[in-house]
Amino acid sequence: VDDRYLNEAVRYQRKKKSGVVTAMKWIAAAACLCLLLGSSMFYSNTKVDSVVSLDINPSIELTVSKNDKVLSAVALNKDAEIVLDGMDLKKVDLDIALNAIIGSLLKNGYLDEVYNAINVCVENDDTKRADEISALIKSEISSIMAEKDLIGDVNSQSCPMDEALKELAEKYGVSVGKFMLAQKVSENVDISLEIAVKLTISELWDLLEAKDVVLLTKDNVVKIVAEDAGIDASKMVLNSVKIKETAGIYTYDIKFTVDETAEYKYKIDAVTGAILEFEYK
């Protein structure tokens with residue numbers, strides 16, 4: 001082979017290697033930049049920025065990233081387990097997740113055509129950010145409800161990221177948002193916190209609006225039914241005590257057993273203490 005071709009081949013190889021090295025340097029630099037940006041995006045997409053509580057009667061807690069992606073969806077009670085059953089909301093956009101949850105609430109009978117009350121609580125250390133997300137969620141849910149011809153209100157609130165508050169809410173098996181609402185009711189209305197946390201969001205709102213209503217306490221009601229049944233209150237085993245509101249009338253539904261042989265059911269006017277219904281087995 002002619003020496004000229006050999007020399008050209010050598011020069012070409014050297015030039016090619018030099019170009020490859022230069023190109024590799026640029027590729028490595030670009031890769032490092034992409035990795036840095038990717039890591040930053042990945043971190044912002046996986047770090048919890050806000051905790052969102054949705055309460056109707058089902059209580060659902062969503063953790064959300066700074067980019068409004070759902071990181072987790074947790075059912076805080078049995079009703080919520082029904083709503084979230086079969087749904088994987090991880091990495092889903094928040095607005096899409098809300099639409100799916102509202103659809104499931106409607107499908108499972110937790111939203112109806114009469115009136116619906118939804119409480120939204122956003123926990124974030126940044127108050128301004130919490131208010132912004134809270135307003136966005138309220139607007140989004142209101143829009144979804146309008147599309148589905150649902151009547152009701154969405155109450156949104158910003159909640160502090162307080163571990164002590166979260167522990168109290170977990171103790172009662174409710175979200176932070178519902179706990180704060182129940183706490184407010186127990187402070188403004190003559191009703192215990194233990195009863196308040198068991199009420200629906202709609203019932204809690206009604207009680208807040210009717211601050212002048214003085215309701216009997218659980219102890220008052222137990223005393224009334226014990227006297228009516230002619231038994232010692234200490235022998236009663238309470239199965240459930242619920243307070244309800246219908247057309248502005250508040251009632252206690254109380255169920256209890258005695259010696260595991262007799263079952264009693266009472267409906268009591270929560271204001272006057274009058275016995276409205278009674279059943280014995």
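Just so you know, these numbers use all the heavy atoms, side chains as well, and skip hydrogens, waters and symmetry mates. All values derive from a computational prediction rather than experimental measurement.
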query: Given side chains that start at C-beta, do those of N116 and Y110 come closer than 4.5 Å, heavy atoms only?
result: no
query: Heavy-atom count around E187 CD within 6.0 Å, excluding the residue itself: above 12?
result: yes
message: With a 3.5 Å distance limit and no angle check, can you tell me whether K178 reaches the backbone of L199 through a side-chain donor-acceptor pair?
response: yes
Donor-acceptor contact below 3.5 Å, side chain D85 vs main chain A80: no
- request: With I137 as reference, evaluate D68, V154, I118, L98 under the side chain to side chain contact (heavy atoms under 4.5 Å, CB included) test and give the passing residue.
  value: L98
query: When you look at V64 and L71, which way does the side-chain contact (heavy atoms from CB on, under 4.5 Å) test go after all the steps?
result: CA-CA 5 Å; V64 183; L71 301 177; over 6 Å; no
- request: Please name the pair of heavy atoms, one in A182 and one in A196, separated by the smallest distance, quoted to 0.1 Å.
  value: O-CB, 3.7 Å
- request: For D232 and S234, indicate whether the former's side chain and the latter's backbone hold a donor-acceptor pair under 3.5 Å.
  value: yes
message: If you define the side chain from C-beta out and look only at heavy atoms, does anything of L238 sit under 4.5 Å from V222?
response: yes
query: Say you draw a straight line from CD1 of I60 to CG of D55; how long is it, rounded to the nearest 0.5 Å?
result: 9.0 Å
- prompt: Side chains of I268 and V225: closer than 4.5 Å at any heavy-atom pair?
  reply: yes
From CG (L216) to OG1 (T272), nearest 0.5 Å: 7.5 Å
task: Go through the steps to decide whether T63 and V70 satisfy the test side-chain contact (heavy atoms from CB on, under 4.5 Å), and finish with yes or no.
output: CA-CA 6 Å; T63 55; V70 174; 5.8 Å; no
task: Report the distance from atom OG of S50 to atom CD of E132, rounding to the nearest 0.5 Å.
output: 10.0 Å
task: Please answer: with hydrophobic residues joined when any side-chain heavy atoms are less than 4.5 Å apart, are Y252 and M236 in the same cluster?
output: yes
message: Taking L105's backbone N and O only, do any of them form a donor-acceptor pair with N108's side chain (distance below 3.5 Å, no angle check)?
response: no
message: Is it the case that the side chain of D162 and the backbone of L165 share a donor-acceptor pair, with hydrogens and angles ignored and the cut-off at 3.5 Å?
response: yes
message: Could you check whether D131 and S134, counting side-chain N and O atoms only, form a donor-acceptor pair closer than 3.5 Å?
response: no
query: Looking only at atom types and distance, does a side-chain atom of S143 sit under 3.5 Å from a main-chain N or O of S139, one as donor and one as acceptor?
result: no
message: Would you compute the distance between atom CD of E203 and atom CG of L181 and round it to the nearest 0.5 angstrom?
response: 11.5 Å
task: Drop me the distance from I102's CD1 to E147's CD, to the nearest 0.5 angstrom.
output: 11.0 Å
message: Any salt bridge linking K235 with D259? Criterion: basic side-chain nitrogen under 4.0 Å from a carboxylate oxygen.
response: no
message: Side chains of Y266 and L276, heavy atoms from C-beta outward: is any pair under 4.5 Å?
response: no
message: Using salt bridge (charged side-chain N to carboxylate O under 4.0 Å, His left out), reason through R129 and D49 one step at a time and then give a plain yes or no.
response: CA-CA 9 Å; R129 168 77 173 153; D49 177 64; 2.9 Å; yes
message: Do I101 and I144 land in one hydrophobic cluster if side-chain heavy atoms of ILVMFWY residues count as linked below 4.5 Å?
response: yes
- request: Report the C-alpha distance between M180 and V176 in whole Å, list the side-chain angles of each, state the deciding distance to 0.1 Å, and finish with yes or no for side-chain contact (heavy atoms from CB on, under 4.5 Å).
  value: CA-CA 6 Å; M180 288 178 68; V176 170; 4.0 Å; yes
query: So F179 and L193, side-chain contact (heavy atoms from CB on, under 4.5 Å) or not? Walk me through it.
result: CA-CA 9 Å; F179 179 79; L193 181 59; 3.9 Å; yes
task: To the nearest 0.5 angstrom, please state how far the CD atom of E170 sits from the OG atom of S175.
output: 11.0 Å
- request: Indicate, with yes or no, if I56 and L84 share a hydrophobic cluster defined by side-chain heavy-atom contacts under 4.5 Å among Ile, Leu, Val, Met, Phe, Trp and Tyr.
  value: yes
- request: Evaluate the side-chain proximity of I231 to Y264: yes if any heavy-atom separation is below 4.5 Å, no if none is.
  value: yes
task: Indicate yes or no: at least one non-hydrogen side-chain atom of V174 is less than 4.5 angstrom from one of L76.
output: no
N67 side chain vs K69 backbone, donor-acceptor pair below 3.5 Å: no
query: Under a 4.5 Å cut-off applied to non-hydrogen side-chain atoms, are K265 and E263 in contact?
result: yes
- prompt: For the hydrophobic clusters of this structure (ILVMFWY residues joined by side-chain heavy atoms under 4.5 Å, transitively), does one cluster hold both I141 and I96?
  reply: no
K166/E61 salt bridge by N-O under 4.0 Å criterion: yes
- request: Would you confirm whether S104, through its side chain, and V83, through its main-chain N or O, come within 3.5 Å as a donor-acceptor pair?
  value: yes
query: Should F278 and K267 count as side-chain neighbours, where that means a heavy-atom distance under 4.5 Å?
result: no
